[in-house]
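The structure appears below as structure tokens.
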Amino acid sequence: MRMSHVFSRTLREVPAGAESMGYGYLVRAGFIQQLGAGIFSLLPLGLRSVRKIETIIREEMDGIGGQELLMPVVNPADIWKETGRYFSIDKEMSRFQDRVGRDMVLAMTHEECVTDIARFEIDSYKRLPQLVYQLQTKWRDDPRPRAGLIRVREFTMKDSYSFDRDQAGLEKQYQAHFSAYFRIFDRCALPTIAVGSDSGMMGGKVAHEYMYLSPIGEDTIITCPSCGYTANRQVAVFKKEHNSGEMLPLEEKLTPNCASIEDLANFLSIDQRNTAKALFMMGTFVDSTTGEEMQKLIVGVIRGDMEVEENKLQNAAKANALRPAHTDEIKAAGMEPGFGSPIGCAQDVIVIVDDSVAKSTNLVAGANKTDYHLLNTNFGRDYTGTVADIASAAAGYACSVCSAPLQQSKGIEVGNIFQLGTRYSESMGCMYQDEDGTRKPVIMGSYGIGVGRLLACLAEQYNDESGLKLPITTAPYQVHLVSLVKDVEIAEKIYTDLTAAGIEVLYDDRKESAGVKFADADLIGVPVRITLGNRSLKEGNVEVKLRGSSEDAQAFPLASLVADTKDLVASLMADIRSNMVHRQL
RNA sequence: CGGGGCGUUGCCUAGUGGCUAAGGCGCUUGCUUUGGGAGCAAGAAAUCGGAGGUUCGAGUCCUCUCGCCCCGACCA
């Protein structure tokens, strides 16, 4: 491709509002352009990178037996009503009616659609296992798109779906994805870690997320440096110490202006771990068959020295959604914000008690009366509720496996894998007849990779003060040919020869100054830069420099340029291959 | 959905009630230059996001509205 013909152009200045390096460079280099909030066009350069990522994904998915198909973005709402997600998913899914008033949705994922296909295709155990995948546009009306391509509303996702006879089959496909995903990220040269995750709205059981660790990430990842335990904070567990002793009698105590745990502990001169605090949330519960919504107050009770992980609370309460409760809602249930506890609260309140509280004795808790707390509250004696782990893990807490102190970091989720089980096959009647003649629900798995987000992460990982430096497997071109000589013939010949040899060349044939050409080459960041200048041409050489390295340019003789360049490209590719590590669960 | 910020030419910005809205980048033309975002000269390009209002006078003040960004809520 000639630079003079490239559709996009480079920008000297970072567009307003580009807060991350990677995003700023993707815009400046002309890879992407924003159309609206969370809506981006991929320009030719960006699309070339995306196509390379997609090719890697296709090869690896095909490699584990996947068959590519393509499902529609617009779905009739009926199938989403069958699984209940039409009702349980809020505004994140966009809905509309067609001309005759039928309910339609923009599919934000394709479990319903693929299950609809599968219930037609799969009728016998002989037709299992199966694995299909697609690269398709998703629309999710995220309330808050941000950070360029990291969190968008419209994006391309690779999603695959596995169908199996039994759990063992599912686990085999899950394992195959687990390893294939690492191969994909390794080939893209994006460092990732797999972490245990919540299954969220997918409704499955076992799930992992692939995280690219980055300070701009929005997920918090808990890791154990000693034993290797990793999990998203949403589900991360840790070892909780708790005191226990003889239960003492309940006692009301005046605690003026002690609406926070810190104030309370200071006032009473006790450790925060000897207190219990209550978090009030309104939970939305949806009847999955009728779609009827109800709101119920949920009280999460946690020890004063910890925080509630809302995701855990939501799961424990089996709520579809949570929001902070308003003061009047809390008071209506007989509790007092700031001095609240489930002791003496209304009957229809859902009480979820962290196991640390349930196991501790004689905690100080709110008296549900302004400026009063109760000493020596005990779960079971003074109040009841569902016991669950609802505590938020954090750095410094003890690993539940090996007791070493946990660490926490920020990450961006670039992929995920879920063992769905029969959540969709049962609700949609995707059944097969087994060898023994019985009808059984197909066991499913669901696996996603955000393609654009992967590119965004690569841009974040691979850049410097001059621009992008994507690895050769995902850069839009392999070689950037910068001609600084008047004699266009020699440059044209090199361009033609390299291209004919199958090398992807971006050829700067513009009438620009050397500075402009070099700056643009650095910004776009094609891995191999070949410079044609009078200096080296006199000696029959061209200069070859790697974008990623700080080493000086090497001289390549013109005579063997094509072969040498091919070798160089191949060795860069091989470097990435050699860094691949086989990983399995 | 709460809180905050910003909308001025293709891009980045200045302009803080008063003459014809200014500069840099980019763009066009000509000459010069040609190894790290060149120089000179001449140009084109803006209904100041939109609507309404206050005022003798509004890019500037007020109201509404749309869009974008950030924090939070939210989120596979």
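Computed over heavy atoms, backbone and side chain alike; hydrogens, waters and symmetry mates excluded. For clarity, every value in this text was computed on a predicted model and none was experimentally measured. Chain naming here is simple, since letters A, B, ... match the order of the sequence lines and numbering starts at 1 in each.
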Notebook entry, point to check: How far, in whole Å, is C40(B) from G23(B) if one measures between their P atoms?
Noted result: 15 Å
Next item on the list: With C1' as the reference atom in both, quote the distance from A22(B) to U55(B) in angstrom, rounded to an integer.
Entry: 25 Å
Margin query: Using the C1' atom as the point on both nucleotides, what is the distance between G59(B) and G18(B), in whole Å?
Written below: 13 Å
Item checked: Separation of G36(B) P from Arg510(A) CZ (nearest whole Å) -> 16 Å
Margin query: Counting the atoms with a prime plus P, OP1 and OP2 as sugar-phosphate, which does Gly448(A) contact under 4.0 Å by heavy atoms, base, sugar-phosphate, or nothing?
Written below: nothing
Item checked: Distance-only donor-acceptor test, Arg12(A) side-chain atoms vs G10(B) base atoms, 3.5 Å -> no
Next item on the list: Measure from CD on Gln33(A) to C1' on C11(B) and round the result to the nearest Å.
Entry: 11 Å
Next item on the list: Before accepting this row, confirm whether a basic side-chain N of the pair Lys312(A)/Asp389(A) lies closer than 4.0 Å to the acidic partner's carboxylate O.
Entry: yes
Notebook entry, point to check: Just how far, in rounded Å, is P of C74(B) from CD of Glu92(A)?
Noted result: 13 Å
Checklist line | Proximity to the side chain of Leu484(A) - top-ranked nucleotide from G35(B), G24(B), A38(B) | finding: G35(B)
Check: A14(B) pairs with which nucleotide, Watson-Crick or G-U wobble, both distances below 3.5 Å?
Finding: none
Next item on the list: Compare the minimum distances between each of G37(B), C12(B), G35(B) and the side chain of Ala519(A), then state the nucleotide with the smallest one.
Entry: G37(B)
Notebook entry, point to check: Between C74(B), G37(B), C12(B), which one does the side chain of Arg151(A) approach most closely?
Noted result: C74(B)
Check: Base, sugar-phosphate alone, or nothing: which one does Asp90(A) contact when heavy atoms must sit under 4.0 Å apart?
Finding: nothing
Note to self: Under a 3.5 Å distance rule, please check whether Arg95(A) uses its side chain to pair with a backbone N or O of Tyr86(A) as donor and acceptor.
What the structure shows: yes
Note to self: In whole Å, measure the gap between the P atoms of A46(B) and G10(B) for me.
What the structure shows: 7 Å
Next item on the list: Choose from C75(B), A38(B), G35(B) the nucleotide whose nearest atom is closest to any side-chain atom of Ala514(A).
Entry: G35(B)
Check: Atom CD of Gln34(A) and atom C1' of C68(B): how far apart are they, to the nearest Å?
Finding: 7 Å
Margin query: Assuming nearest nucleotide by heavy-atom distance, tell me which of Asp520(A) and Gln234(A) is located more 5' along RNA chain B.
Written below: Asp520(A)
Check: Given the C1' atoms of C68(B) and C11(B), what is the spacing between them in whole Å?
Finding: 16 Å
Next item on the list: May I have the distance from Arg9(A) (atom CZ) to C25(B) (atom P), rounded to whole angstrom?
Entry: 14 Å
Next item on the list: Could you state the atom-to-atom distance from CG of Leu35(A) to P of C68(B) in whole Å?
Entry: 9 Å
Next item on the list: With a 3.5 angstrom cut-off on both distances, give the Watson-Crick or G-U wobble partner of C6(B), or none if there isn't one.
Entry: G67(B)
Next item on the list: Please answer whether the main-chain N or O of Gly421(A) pairs with a side-chain N or O of Gln419(A) as donor and acceptor at a distance below 3.5 Å.
Entry: no
Check: Is there a donor and acceptor pair, one atom on the side chain of Arg28(A) and one on the base of G37(B), closer than 3.5 Å?
Finding: yes
Check: Quantified in whole Å, what is the P atom distance between nucleotide G15(B) and nucleotide G7(B)?
Finding: 10 Å
Next item on the list: Name the nucleic acid region contacted by Arg529(A), choosing base, sugar-phosphate or nothing; use a 4.0 angstrom heavy-atom cut-off, strictly under.
Entry: base
Item checked: Separation between the C1' atoms of C75(B) and C66(B), rounded to whole Å -> 25 Å
Notebook entry, point to check: Starting at CG of Asp508(A) and ending at P of U34(B), how long is that distance when rounded to a whole Å?
Noted result: 18 Å
Margin query: Closer than 3.5 angstrom, by distance alone: can the side chain of Thr230(A) be matched with the main-chain N or O of Ala194(A) as a donor-acceptor pair?
Written below: yes
Check: Checking all strands, does Gln314(A) fall into the base, sugar-phosphate, or nothing category for heavy-atom contacts under 4.0 angstrom?
Finding: nothing
Checklist line | Lys511(A) NZ to C31(B) P, straight-line distance once rounded to whole Å | finding: 13 Å
Margin query: Using a 4.0 Å heavy-atom cut-off, does Gly36(A) contact any base of the nucleic acid, only the sugar-phosphate backbone, or nothing at all?
Written below: sugar-phosphate
Item checked: 5' precedence on RNA chain B between Thr10(A) and Asp219(A) (nearest-nucleotide basis) -> Thr10(A)
Check: Between Glu310(A) and Leu322(A), which heavy-atom pair has the shortest distance, and what is it?
Finding: O-CD1, 3.6 Å
Note to self: Using a 4.0 Å heavy-atom cut-off, does Met157(A) contact any base of the nucleic acid, only the sugar-phosphate backbone, or nothing at all?
What the structure shows: base
Next item on the list: Spell out yes or no: do the side chain of Glu543(A) and the base of G35(B) have one donor N/O and one acceptor N/O closer than 3.5 Å?
Entry: yes
Next item on the list: Look at Arg144(A) and C71(B) and indicate whether a side-chain polar atom (N or O) is within less than 4.0 Å of OP1 or OP2.
Entry: yes
Note to self: In whole Å, measure the gap between the C1' atoms of C56(B) and C69(B) for me.
What the structure shows: 38 Å
Notebook entry, point to check: Is the backbone N or O of Trp80(A) less than 3.5 Å from a side-chain atom of Arg85(A), with the two atoms forming a donor-acceptor pair by type?
Noted result: no
Notebook entry, point to check: Is a side-chain donor or acceptor of Gln408(A) paired with a backbone partner of Ala395(A) at a separation under 3.5 angstrom?
Noted result: yes
Next item on the list: Return yes if some donor-acceptor pair links the side-chain N/O of Lys331(A) with the main-chain N/O of Pro337(A) below 3.5 Å, else return no.
Entry: no
Item checked: Mate of U28(B) where both pairing distances stay under 3.5 Å, Watson-Crick or G-U -> A42(B)
Margin query: Tell me whether the side-chain N/O atoms of Arg146(A) come closer than 4.0 Å to OP1 or OP2 in C71(B).
Written below: yes
Notebook entry, point to check: A21(B) pairs with which nucleotide, Watson-Crick or G-U wobble, both distances below 3.5 Å?
Noted result: none
